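A short write-up of the structure that comes next.
A note on names: the letters A, B, ... follow the listed sequences, proteins ahead of strands, and every chain is numbered from 1. Nothing here was measured: the structure is a model prediction, and the numbers come from that model.
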Amino acid sequence: MLSVANLSKTYTSEHRTHQAVRGVSFQTRKGEFYTLLGPSGCGKSTTLRCIAGLEKPEQGEIRIGEKAVFSAAQRIFVPSHKRNIGMVFQSYAIWPHMSVLDNVAFPLVSGDRKLTRRAIKDRVMNALSLVKLEELASQPAPLLSGGQQQRVALARALAHEPEVLLLDEPLSNLDAKLREEMRLQIRMLARRLDVTTIYVTHDQLEALQMSDRIAVMHDGRIVEEGTPKQIYLSPRAAYTAGFVGRVNFFEGSVKASESEDATVNVETPIGVLACHVAQGPSHSEGEKVLVAVRPEGISLSMERPAQRLNVIRGVLEASMFAGDTQDCIVRVGRQEIQVKADPLTDLPASASVYLHLPPARCVIIRELAG
Amino acid sequence: MSYRVAVAVALVVAVLVLAPLVTIGWMSFVPDLPTLRGPYTLSNFSVLAEKATYQLLLNSVIFSVLTLIVALFFGFPIAWLVERTDIPFKLIIRSLVGMTILIPTFLLAIGWVLLLSPTIGIINQFLTRTLSLPFAMNVYTMPGMAFVQGLSFVPIAFFMLSAVFAKMDPAMEEAAYANRVGGWQTLMRVTVPLSWPGLLAAIIYMFMLGVAVLEVPLIVGLPGQIHLFSSRVFTLTRASSSVPQYGIVGATSIVFLAISMVAAYYYSKVIRSSYRYAVVSGKGYRPRLTELGSWKWLGGAFVLLYFVLSILFPFSSLIWVSLVPYIQVPSAEALNSVSLSAYRYLRNPMVVESVANTTVLISIAPTLVMLLSTLISWIVVRSTMPGKIVLDRLATIPLAIPSIIIAVALMYIALIAGPFFPVYGTVWILVVAFVISHITFGTRTLNAAMIQIHKDLEEAAAVSGAPPSRVLRRVIVPLIWGPLVEGWIWLFLLSFREVTMAATLHITDNAVLSTVVWILWSNGEFDRAAAVSVVLAVVMGLLAVAARLIGTQLGTRTSLSG
Ligand SMILES: Nc1ncnc2c1ncn2[C@@H]1O[C@H](COP(=O)(O)OP(=O)(O)OP(=O)(O)O)[C@@H](O)[C@H]1O
Ligand SMILES: [Mg+2]
């Protein structure tokens, strides 16, 4: 549906030149909800803006449907207003001199689309009803609350039934509660309309909850791409594991696999860990790897647990009560391990504790963290 | 914005701005009448070896310096009183000063000549005849000229310095008071130095204007045999003595331009560095106002003095002279001869025609300036066009070109290129001159407005399928509507009072109202000149009020409200 190939964009200003996007490639299916996730400054917005035609990349190709809207090789650059897209900006960009109705109608009366007044009005009301704002149609735009503006922006982006919907951190200016509500609404709306959506965010929770697929970006590149489950539970890149949620890393080397089922043993500073391997190329003996274990994947107990594998003893360094869990730091040898413990457990300082790291939660990552 | 449109705009601006400069250079190499064909000569530059030329230069500089002293003498204290003290009637003072900006300088000059001419001046007649004093005041002197011109610059000084005082952190003055430094000491040791960058900007700006103004040098300077650059350029282009000496004008103007460019350079430098000056603190504080106590009366009297000198005196004299057959001291006897006969001149075809020309000028020129400026600012502020900074710089150049030079250059072009540029002697040449000389104002105003508009608002329109022309019409223009209208109104009023270029470019059929006054005045028809002046001032006042109402209607604040 949307395909981006080898996209590069460099910004040149008086003070510096900066390559914000360095060879980004991805493809989405029709109706897919695809998220670009990454820290501030990693080039998410730039990528999105290239797709929208608001920036002109130096390299690569962008296709919407069958049509190439940008191709460096073929010297194609279709300007924004001729790409069939809808976009929601982080600032919403609601035109303050127009009513809600005029804002939403603007894409319908602009460009080549020839519609009757009736049809326009119908489509506008339809778009407004999608975001549950029909009754505000005649309001002047400046009188809207942040959340309402956000929904008007969404209605405006959807009114002309674009092939691709581009969303640049649309929720970051809303308060926490509204944000949660809108996540769900946007997700359902996109699915209902079956519109291909590119969603940009730096919020991992948002990405995990909403996306069909996530691309984790770092420093202008896509580091890893996968479903939310893959990205969270079995990341292949250390960066992904570190960026999406918290994680403990253990450096180690593969021991000859005495595998029962699909596990590989890895020798680490905290002892031998049996790690689950999903599929893919097998590991060779002696290979240096990184094992990633999320704090909530580890169970902490005062008594030795019944399991045979992956049980380690350590000393409780610190614990912080956080309501739904207790965040603990446990020292094993020279390594500090983050653990989420049951909030009901009584945790005396410097207690000796047992950690169990279930093999399914021990993810082998090939590259060593930099 | 499509590339082609941007290039076209850039070309238009380049031609408009550079044409006067190139023409001035060109004409300095041509010996006699305007021509494109040679021969060329360097002989015109012999004026640069003449002592008289440097006398002109010196006169212009002295005039300019004295003028700004007068302007600051009134402008600085009034701005300080309004911004930093508890003087009453601030709003009225501010609006009145705003109105005085609009008083055409030549009306002020004529009004004062009628009062202070050594032979016919009403005040002088009163001193020598009625009181039989053995002396008279003479306006036809350098201090006399500077006095009149300085009065007309007071509003400029006032508004530039008000802006400085309004932004100044009151904590700095409070620190002085807290340390038991007295009011006067604080003013001189703290307030003045802190406002220095703004003050310097105002000084350079007024200096630049001062060397370029034409009205006072013509009306007050020429009768007193005091020649300045501007009046010299003007008289040289008039064929009164022999043929117009464009070659000499060109050579002289180059020196003139050089001074102006240097001043403009320092002006922009000071403006830029003043942003860095730490006078500005956060927003949203109320500046601490100095309590004047019984000094309030002195302050009030001072402000009043300014209004008496800049409004009451000159306009009373204009009105009086327009009503009596010859210039005389008001008396019971004189009151008997009061009549409106001078106003009958308003039915003269020349006046009627000038009204038509004025209408064309004041409606079309401001519109063209704002249209062109909108396009320029949009390209400069928003596009990613390479070389857009060049366009921005081009648009600021006219600030440094004295308007009389623009006028002379256009006249020359019209003479040479008559068939291609058939505007010689029409009001259109005046329109073009006005557009060139005000592009800087238009683009500065709109640049500032456009920077305020969030880029997303524009991009949202583009991704909604709107081509650039539609983005401009439906998003940009509505969002800068306030400053656009405000700028238009301001230019509308300025074009109405414009006289330098109008008089320079006047041939026969293209007189505007202000030119009519000038013509009558130079013919010695004082009562008629005064009558037309009074009408001009009244119309100006009505236009200003109307503009203010329209401005408010459009939900904007006009510059008049300060
Ligand atoms: N117009 C510009 N000129 C110069 N550099 C820019 C410009 N826009 C972005 N950059 C730089 O490009 C890099 C990527 O910017 P981008 O806006 O794509 O980041 P982002 O991933 O969207 O970050 P955020 O989450 O903060 O929005 C940043 O280092 C930024 O400083
Ligand atoms: Mg961004």
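Using a 4.5 Å cut-off between heavy atoms, A:I94 contacts chain B through its backbone alone, with no side-chain atom that close.
Atom OH of B:Y265 sits in a sparse spot, with 12 or fewer heavy atoms from other residues, nucleotides or ligands closer than 6.0 Å. Shown here is A:Q27, whose CD atom has no more than 12 heavy atoms of other residues, nucleotides or ligands within 6.0 Å. More than 12 non-hydrogen atoms from other residues, nucleotides or ligands lie less than 6.0 angstrom from CZ of B:F496. Within 6.0 Å of atom NZ in A:K121, 12 or fewer heavy atoms from other residues, nucleotides or ligands are found, so the atom counts as exposed in its surroundings. No more than 12 heavy atoms of other residues, nucleotides or ligands lie within 6.0 Å of OH in B:Y266, so this atom counts as exposed by the packing criterion.
Checked by atom type and distance alone, the side chain of A:H81 never pairs as donor or acceptor with a backbone atom of B:V471 at under 3.5 Å.
Of all heavy-atom pairs between A:V109 and B:R470, the closest is CG2-NH2, 3.3 Å. For the residue pair B:A460 and A:F89, the shortest heavy atom distance occurs at CA-CE1, 3.4 Å. Here the shortest heavy-atom pairing between B:S464 and A:F106 reads CB-CD2, 3.9 Å.
Within residues 445-457 of chain B, the residues approaching chain A closer than 4.5 Å by heavy atoms are, in numerical order, B:H454, B:K455, B:D456, B:L457.
Ranked by heavy-atom pairs shorter than 4.5 Å toward chain B, the options A:R49, A:H97, A:M98, A:K56 are led by A:H97.
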